[in-house]
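These notes concern the structure reproduced below.
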Amino acid sequence: MCPGSFDPVTLGHLDIIGRASLLYDEVVVAVGINASKKRMFTFEERTEMLREATGVYGNVRVDTFDGLIVDFCKANEIQVIVKGLRAISDFDYELQMAQMNHGLQGVETMFMTTNPLYSFLSSSLVKEVATYGGDVSASVPEAVHRRLLERVREQS
Ligand code: PNS
């Protein structure tokens, strides 16, 4: 399982998902709904963008989850969470979550080092740069870029 909010999916996410798809028979990309958080895209939009972007992988499916990651894992018989690590700053929180998830349900977390091409990339930065008119076309798939520009126009 590759969990996240994917608001929106970036080339960094896709790099991890693509590499995970080479290692595992099946990869479930799970979009956290978490309605209390303010998002630029609805979970339906985030899911749709992910489905478009991961369509090339035969063994990747996109799903949504609400509540605890480990409950989704249990319901779907998932044993491994795959997470990308961009920098040591990611590790601090990811380690806590991995240990908590292992303690709760015995779910393992495998960390994959991010391709250095994307080590600076985050959905938050992409949204911020796009909001202020910066060019993020090299950071997200083309279809996501189009939707980002549209959303920024709508919100201005
Ligand atoms: O891409 P993000 O924003 O880092 O993803 C966050 C996400 C969806 C993975 C996070 O909100 C999450 O883990 N939600 C599920 C709640 C949960 O299981 N929390 C306990 C983790 S130890």
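Both ligands and their constituent atoms are indexed starting at 1 by order of listing. Model, not experiment: these values are computed from the prediction. Sequence positions, counted from 1, serve as the residue numbers for this chain.
Side-chain atoms of Lys83 and Met97, non-hydrogen and from C-beta on, do get closer than 4.5 Å to each other. Using a 4.5 Å heavy-atom cutoff, the side chains of Val29 and Phe6 are in contact.
In this structure a side-chain-to-backbone donor-acceptor pair under 3.5 Å is missing from Ser5 to Asp7.
Looking at Ser5 next to ligand 1, an N or O pair under 3.5 Å apart turns up. Any N or O atom pair closer than 3.5 Å counts here, and Phe6 shares no such pair with ligand 1.
Residue contact check for ligand 1: Gly67 places a non-hydrogen atom closer than 4.0 Å to it.
In this structure, atom 22 (S) of ligand 1 is in close contact with the protein, since a protein heavy atom lies within 4.0 Å of it. In this structure, atom 10 (C) of ligand 1 has its sub-4.0 angstrom surroundings free of protein heavy atoms.
Only the side chain of Asn101 comes within 4.0 Å of ligand 1, judged by heavy-atom distances.
In the vicinity of Met97, heavy-atom distances shorter than 4.0 Å reach the ligand 1 atoms 21 (C), 22 (S). Residue-ligand proximity, Met100 to ligand 1, at heavy-atom distances under 4.0 Å covers atoms 22 (S).
For atom 20 (C) of ligand 1, the nearest non-hydrogen atom of the protein is Leu68 CD2, 4.0 Å.
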What verdict does the side-chain contact (heavy atoms from CB on, under 4.5 Å) test give for Gln79 and Cys73, after you've listed the backbone C-alpha separation in whole Å, the side-chain angles of each residue and the deciding distance to 0.1 Å?
CA-CA 7 Å; Gln79 287 154 341; Cys73 289; over 6 Å; no

Please assess Val82 against Met112 for the test side-chain contact (heavy atoms from CB on, under 4.5 Å), listing each intermediate value before the final yes or no.
CA-CA 7 Å; Val82 174; Met112 208 178 266; 4.1 Å; yes

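Residues Leu85, Ile88, Leu95, Phe111 make up the rest of the hydrophobic cluster containing Phe91, defined by ILVMFWY side-chain heavy atoms closer than 4.5 Å, directly or through other members.
Residue Ile69 holds the heavy atom nearest to atom 12 (C) of ligand 1 of all those in Asp66, Ile69, Asp71.
With Phe72 as the fixed residue, the side chain to side chain contact (heavy atoms under 4.5 Å, CB included) test singles out one of Ile69, Asn76, Val70, Leu68: Asn76.
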